[in-house]
Amino acid sequence: MNDPHRSTVVVSGAGTGIGRAAALRLAASGRHVTLVGRRRAPLEEVAAHDPSSFLVADADVSSPDGARRVAGAVREAGLGCAGVVASAGGNAPAASDDSLEAVRDHWRAGFDLNVMTAVLLVEALRPALEADGGRVVLLSSVSALRGSRTGSYGASKAALHAWMFDLAAQLGRFGGTANVVAPGFVPGTEFWAGVSDDVVQNRIAQTLVGRVGTAEEIGGIIAWLLGPDAGWVTGQIVSANGGMVLGR
Ligand SMILES: NC(=O)c1ccc[n+]([C@@H]2O[C@H](COP(=O)([O-])OP(=O)(O)OC[C@H]3O[C@@H](n4cnc5c(N)ncnc54)[C@H](OP(=O)(O)O)[C@@H]3O)[C@@H](O)[C@H]2O)c1
């Protein structure tokens with residue numbers, strides 16, 4: 001691996017929620033972090049915590065051009081790539097009506113948001129990742145393990161699992177790793193903006209520990225997977241859900 005000061009960890013969805021918490025935790029542990037998202041303002045708010053630790057790269061990474069722009073910014077800054085955290089994702093807007101066209105558009109939007117954002121970012125950075133023995137963390141969900149009741153969300157997250165198995169084999173040849181982190185219910189992020197108290201209480205009741213998770217807890221797991229103690233952890237689905245789903 002390069003000197004960590006010359007090599008960055010690229011975090012998508014870094015302006016809010018879990019991505020933001022991961023970026024701040026990584027920077028606190030001495031890593032350089034490239035902050036990726038479509039809106040520049042939230043990324044700059046994170047970067048302001050310690051400008052020397054962060055590079056801001058605003059881009060829509062569901063598009064090849066956006067992913068290329070991020071890889072170009074990393075290269076132009078003279079940085080290698082020690083890792084990618086693919087936290088961009090969420091629920092696509094519901095189908096506008098019952099037509100098959102609307103159903104198809106909803107599923108495609110969910111796949112773009114949850115799968116293509118991760119695939120294109122990793123592929124754009126693959127040469128740099130391979131050169132550094134870099135590590136990849138993909139954000140999935142408990143919904144990939146038990147369904148999301150929306151059909152498309154859990155299914156698009158589950159697609160990340162099989163791809164991660166391939167990535168682990170490919171990056172392993174270079175000393176790198178790939179893993180999935182599958183959180184349970186973590187309110188307080190934009191994903192859950194406006195969630196009702198009924199839903200919060202219902203989700204809490206499904207846990208064994210009687211509480212919701214925090215973005216900081218998930219950020220800590222992500223930072224551990226990128227840190228010195230996790231080099232032998234690869235090809236795994238790391239679940240953090242308060243005991244909502246057991247053993248997987
Ligand atoms: N919170 C939970 O309970 C929970 C549970 C399980 C899994 N997850 C997963 O964890 C990840 C983070 O979720 P979160 O809760 O932290 O939600 P969040 O606050 O909505 O974060 C999602 C981030 O992704 C960015 N993003 C979306 N589309 C993008 C694109 N095309 N290109 C670049 N950036 C994009 C958004 O910023 P811009 O709008 O500025 O682009 C936003 O910062 C998601 O993948 C989510 O599915 C969350």
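Order of listing sets the numbers, starting from 1, for every ligand and every atom in it. Note that the numbering runs from 1 along the sequence shown for the chain. Values reported hereafter were calculated over all heavy atoms of this structure, with side chains retained and with hydrogens, waters and symmetry mates removed.
Considering only non-hydrogen atoms, atom 45 (O) of ligand 1 lies nearest to Lys157 out of Arg38, Lys157, Met116, Arg40. Nearest to atom 31 (N) of ligand 1 by heavy-atom distance, out of Val36, Thr214, Asp60, is Asp60. Of the candidates Gly188, Ser156, Ala144, Gly37, it is Gly37 that places a heavy atom closest to atom 34 (N) of ligand 1.
The shortest N/O to N/O separation between Glu190 and ligand 1 falls below 3.5 Å. Ligand 1 has an N or O atom lying under 3.5 Å from an N or O atom of Val186, backbone or side chain. Among the atoms of Phe191, some N or O lies under 3.5 angstrom from an N or O of ligand 1. Below 3.5 Å of separation, one finds no N or O of Pro183 facing any N or O of ligand 1.
Judged purely by atom type and a 3.5 angstrom limit, Arg68 has no side-chain atom pairing as donor or acceptor with the backbone of Ala124. With hydrogens and angles ignored, the 3.5 Å screen pairs no side-chain donor or acceptor of Arg6 with any backbone N or O of Gly80. For the pair Glu217 (side chain) and Thr214 (backbone), a donor-acceptor distance under 3.5 Å is present.
Under a 4.0 Å criterion applied to the non-hydrogen atoms of Gly13, ligand 1 contributes the atoms 23 (C), 24 (O), 25 (C), 43 (O). Atoms of ligand 1 lying under 4.0 Å from any heavy atom of Thr16, numbered from 1 in the order shown and given with element: 18 (P), 19 (O), 21 (O), 23 (C), 42 (C), 43 (O). Ligand 1 places these atoms under 4.0 Å from at least one heavy atom of Gly90: 47 (O). Numbered from 1 in the order shown, with element, the atoms of ligand 1 that lie under 4.0 Å from a heavy atom of Leu113 read 27 (C), 28 (N). Atom numbering of ligand 1 starts at 1 in the shown order; those under 4.0 Å from a heavy atom of Gly17 are 16 (O), 19 (O). Within ligand 1, counting atoms from 1 as listed, the ones closer than 4.0 Å to a heavy atom of Trp192 are 1 (N), 2 (C), 3 (O).
If you check which protein heavy atom lies closest to atom 32 (N) of ligand 1, you get Val61 N, 3.1 Å. The protein atom (non-hydrogen) at minimum distance from atom 40 (O) of ligand 1 is Arg39 NE, 2.7 Å. Looking at atom 16 (O) of ligand 1, its nearest protein heavy atom turns out to be Ile18 N, 2.8 Å. Given atom 15 (O) of ligand 1, the protein heavy atom at minimum distance is Thr189 OG1, 2.7 Å. Regarding atom 26 (N) of ligand 1, its nearest protein heavy-atom neighbour is Ala88 CB, 3.7 Å. Closest to atom 47 (O) of ligand 1, if we only count protein heavy atoms, is Tyr153 OH, 2.6 Å. What sits closest to atom 22 (C) of ligand 1 on the protein, heavy atoms only, is Gly89 O, 3.7 Å.
Counting heavy atoms closer than 4.0 Å to ligand 1, residue Ala59 contributes backbone atoms (N, CA, C, O) but none from C-beta onward. At a 4.0 Å heavy-atom cut-off, ligand 1 touches Thr117 through the side chain alone. Counting heavy atoms closer than 4.0 Å to ligand 1, residue Val142 contributes nothing at all. Contact annotation for Pro187 and ligand 1: no heavy atom of the residue comes within less than 4.0 Å of the ligand. Neither the backbone nor the side chain of Arg20 comes within contact range of ligand 1; no heavy atom lies under 4.0 Å.
A salt bridge is defined here as a Lys NZ or Arg NE, NH1 or NH2 lying under 4.0 Å from an Asp or Glu carboxylate O, and Glu76 with Arg69 fails to meet this definition. Ion pairing between a basic and an acidic side chain is recognised when a charged N comes within 4.0 Å of a carboxylate O; Glu130 and Arg173 show no such pairing. A salt bridge between Arg104 and Glu101 is absent, with no side-chain N of the basic residue lying under 4.0 Å from a carboxylate O of the acidic one.
Residues Phe191 and Tyr153 place their aromatic rings such that the two centres sit under 6.0 Å apart.
Scanning all heavy atoms of the two residues, the minimum distance from Ser12 to Ala86 falls at OG-CA, 3.4 Å.
A side-chain N or O of Ser152 and one of His106 form a donor-acceptor pair less than 3.5 Å apart. For Ser62 and Asp112, the side-chain atoms include no donor-acceptor pair closer than 3.5 Å. Side-chain polar atoms of Thr34 and Thr8 form a donor-acceptor pair below 3.5 angstrom.
The neighbour count for Asp98 CG, taken as heavy atoms of other residues, nucleotides or ligands under 6.0 Å away, does not exceed 12. Residue-environment remark: CG (Leu100) stays at or below the threshold of 12 foreign heavy atoms within 6.0 Å.
In this structure, Glu216 has no salt bridge (Lys or Arg N to Asp or Glu O under 4.0 Å) partners at least two apart in sequence or on a different chain. Gln206 pairs by the side-chain hydrogen bond (donor to acceptor under 3.5 Å, both in side chains) definition with Arg146, Asn202, not counting sequence neighbours.
By the 4.0 Å heavy-atom criterion, Gly184 is counted among the residues contacting ligand 1. Using a 4.0 Å heavy-atom cutoff, Ser140 is listed among the residues neighbouring ligand 1. At least one heavy atom of Ser87 sits less than 4.0 Å from an atom of ligand 1.
There is no path of hydrophobic side-chain contacts, each under 4.5 Å, that joins Leu113 to Val115.
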